[in-house]
Amino acid sequence: MQTEGQSGAPLRWGIAGAGTIARRFCRDVNEHASLGQVVAIAARDQTRARAFAEEQGLPLAYDGYQALAASAEVEAVYVAVIHPEHAALIRQMLLAGKHVLVEKPAVTHVADWDALVQLAQARGLLLMEAMKVMCFPAMRTLLQRLSALPASNRLRAAFGSVQARDGKLFDPALAGGAAWDVGVYPLWLYAAICLQRDLPAGEPEVRLVRQTGEVDESVHFAFTGPLAAELDASIVQDLDKAAYLGGEGWALQLVGKWWNPQQVRWLTGDPLPAWPGDIAEPVAGGGMQHEADHFAACVRQGLNDSPWVPQALTRDVLGWVERGLQVGS
C-alpha cells in the first residue's frame with residue numbers, strides 16, 4: 001500500500017494528552033508528514049493544553065477531551081494518555097465520529113479491544129494502534145523482501161533500558177511494567193513476520209521478573225514452531241538494540257535501534273540472489289510521520305483497518321501480554 005502522493009486535503013489531527021510522546025508525534029507530523037497536520041491539543045489541564053499549543057504552534061487548545069471529541073476542526077485523534085485511560089477515550093472519540101490512532105499498548109484487555117474494533121467497524125471509522133516500527137520505510141522493504149528468501153525459522157529481538165524507578169512505568173495502577181511498555185515491540189515484530197510468511201503464530205512460554213504487588217521489571221517470551229523466537233523486554237536493564245532474523249543459509253541484522261529500523265544488513269557469507277543489497281532508509285525526525293501518513297492514506301481510501309498494522313495482530317499481541325502477565329499471579 002502506498003502512502004505517498006495521496007490526493008485530498010491533509011488529515012486534520014487532534015491530540016489527546018500533552019505528554020512527551022504527544023510532543024514527539026506533533027513535531028514529527030507537522031515538520032515531516034505529507035498527508036496530515038496536527039491542529040489541536042486537548043488535556044484535562046487547560047494550562048497544559050495552552051502551553052503545548054503555544055510551544056508547538058497549534059491554533060486550537062481544548063480544556064478536556066469532550067471538547068476535542070466535539071470539535072468540527074478535527075478528523076482524527078491521536079490518543080496519548082496513560083495506559084488505563086486508553087479504552088474509554090478511544091470509545092469517546094469513536095462515538096464522536098473521529099478516526100483513532102492510539103499509542104501502544106492500544107488497551108490492556110483483549111475484550112476491550114474487541115469491543116472497540118466492533119464499534120469502529122459499525123461507525124465506518126479507522127482504529128489503529130500506533131506501532132510505528134511497522135510503518136518505517138526500512139521495515140516495509142524488509143517485509144516485502146522476505147517472501148523471496150528461504151523460510152524464516154529464527155528471530156531474536158529485545159527492547160530494554162534502565163528507567164527511573166519513580167516514574168509511571170513502575171506503577172501497577174498505571175499498567176506499567178516491561179511487557180506493556182516495551183515488550184509489545186518484539187511481539188509485534190514476531191507477529192508481522194508470521195503474517196508476512198504465512199506462518200502460524202504460537203503461544204509463548206513466558207518468564208517474568210516481578211515481585212509480589214509490583215510491575216514486571218523484565219519479561220521473556222519464547223515461541224517454538226516454524227518461527228522460533230526469543231524475545232525480551234526490560235525496564236531495569238539495557239538490552240541489545242539490534243534484532244536478528246534468519247533461515248536456512250541466511251541471516252539478517254536490523255542494525256541499531258531495531259524498533260526505529262533504518263538499516264538491515266546481510267550477515268552470512270555472500271548474499272543470496274534474492275537479496276539485492278543491504279537496506280538503508282534513514283528517516284527524518286523520530287519517524288512517527290510514517291505511521292501518521294499511512295493512517296491518513298487509509299482514511300482517505302475509506303479503510304476501516306490497516307494492512308500494515310492490522311487490528312488482528314494488535315489483538316494477538318495484547319493477548320500474549322495479558323495472558324503472560326497472569327503467570328505467577
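This chain uses plain numbering: 1 for the first residue, then up along the sequence.
- Remark: W320 pairs with Y190, F223 by the ring-ring contact (aromatic ring centres under 6.0 Å, His included) rule, at least two apart or across chains.
- From I90, atom CD1 reaches atom CD of Q92 across 11.5 Å, with rounding to the nearest 0.5 Å.
- The aromatic rings of W13 and F25 lie perpendicular to each other, with more than 60° between the two planes, well past the 30° mark.
- In this structure, D28 contributes its side chain and G287 its backbone to a donor-acceptor pair below 3.5 Å.
- To the nearest 0.5 Å, atom OG1 of residue T47 and atom CZ of residue F52 are 15.0 Å apart.
- Ion pairing between E281 and R140 fails under the 4.0 Å rule for side-chain N and carboxylate O.
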| query | Run the side chain to side chain contact (heavy atoms under 4.5 Å, CB included) check on Q311 and N304 step by step: do they pass? | reply | CA-CA 10 Å; Q311 294 157 353; N304 297 143; 5.7 Å; no

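- Using modelled atom types, no side-chain atom of H220 and backbone atom of E230 make a donor-acceptor pair closer than 3.5 Å.
- With 3.5 Å as the limit, one finds no donor-acceptor pair spanning the side chains of W113 and E129.
- The shortest distance between side-chain heavy atoms of N30 and Q37 falls below 4.5 Å.
- Side-chain atoms of H290 do not come within 3.5 Å of backbone N or O of P137 as any donor-acceptor pair.
- Residue W308 comes nearest to M134 through the heavy atom pair O-CB, 3.8 Å, listed as atom of the first residue, atom of the second, then distance.
- When all heavy atoms of I21 and A80 are compared, the closest pair comes out as CG2-CB, 3.8 Å.
- Clustering ILVMFWY residues whenever any of their side-chain heavy atoms sit less than 4.5 angstrom apart, transitively, puts W188 in a cluster other than the one holding L239.
- With hydrogens and angles ignored, the 3.5 Å screen pairs no side-chain donor or acceptor of N153 with any backbone N or O of A228.
- When the side chains of ILVMFWY residues are joined at heavy-atom separations under 4.5 Å, either directly or via intervening members, V100 and I82 end up in two distinct hydrophobic clusters.
- Side-chain contact check for Y65 versus V77: every heavy-atom pair is 4.5 Å or farther apart.
- If you take CD on E54 and CZ on R50, they are separated by 11.0 Å, rounding to the nearest 0.5 Å.
- In this structure, K132 NZ and W259 CH2 are separated by 10.0 Å, a value rounded to the nearest 0.5 Å.
- Residue D238 places its CG atom among more than 12 non-hydrogen atoms of other residues, nucleotides or ligands, all under 6.0 Å distant.
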Listing, residues 171-187 side-chain donor-acceptor contacts under 3.5 Å, not counting sequence neighbours, or none:
from	atom 1	to	atom 2	distance (Å)
D171	OD1	A173	N	2.9
D181	OD1	K104	NZ	3.4

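- Contact annotation: the side chain of D232 never approaches that of S218 to less than 4.5 Å [non-hydrogen atoms, C-beta and beyond].
- In this structure, V236 is not a member of the same hydrophobic cluster as V206, with clusters built from ILVMFWY side-chain heavy atoms closer than 4.5 Å.
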Show, in sequence, the C-alpha distance, side-chain angles and deciding distance for F295 and L35, and conclude whether the side chain to side chain contact (heavy atoms under 4.5 Å, CB included) test is met. CA-CA 9 Å; F295 185 96; L35 304 179; over 6 Å; no

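- How far CG of L189 is from CZ of R156: 12.5 Å, rounded to the nearest 0.5 Å.
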* To do: Decide yes or no on side chain to side chain contact (heavy atoms under 4.5 Å, CB included) for H109 and L318, but give the supporting numbers first.
  => CA-CA 7 Å; H109 299 288; L318 295 177; over 6 Å; no

**OP:** Report the C-alpha distance between R27 and R24 in whole Å, list the side-chain angles of each, state the deciding distance to 0.1 Å, and finish with yes or no for side chain to side chain contact (heavy atoms under 4.5 Å, CB included).
**Re:** CA-CA 5 Å; R27 186 164 50 248; R24 293 176 185 168; 4.0 Å; yes

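- Interatomic distance, T212 OG1 to E214 CD, rounded to the nearest 0.5 Å: 9.0 Å.
- Salt bridge E85/R44: present, at least one basic N to carboxylate O contact under 4.0 Å.
- A heavy-atom distance below 4.5 Å is found between the side chains of L142 and M139.
- Linking Ile, Leu, Val, Met, Phe, Trp and Tyr whenever their side-chain heavy atoms come within less than 4.5 Å puts L195 and L155 in one cluster.
- With hydrogens and angles disregarded, no donor-acceptor distance shorter than 3.5 Å links the side chain of H86 to the backbone of V107.
- Between Q56 and I41, the closest side-chain pair of non-hydrogen atoms is not below 4.5 Å.
- Listed for the K168 side chain is no donor-acceptor partner under 3.5 Å among the backbone atoms of H83.
- The residues E75 and R300 are annotated as salt-bridged, a charged nitrogen and a carboxylate oxygen being separated by less than 4.0 angstrom.
- With contacts defined as side-chain heavy-atom distances shorter than 4.5 Å, the pair P84/T108 does not qualify.
- Neither L267 nor I279 shares a network with the other; the hydrophobic side chains, linked directly or stepwise wherever heavy atoms of I, L, V, M, F, W or Y lie under 4.5 Å apart, form separate groups for each.
- Counting heavy atoms from C-beta outward, V29 and Y78 have side chains that stay 4.5 Å or more apart.
- The closest side-chain heavy-atom distance from L245 to W250 is below 4.5 Å.
- R123 is linked by a side chain to side chain donor-acceptor pair (under 3.5 Å) to nothing, counting only residues two or more places apart in sequence or in another chain.
- R91 places no side-chain N or O within 3.5 Å of a backbone atom of L119 that could act as its donor or acceptor partner.
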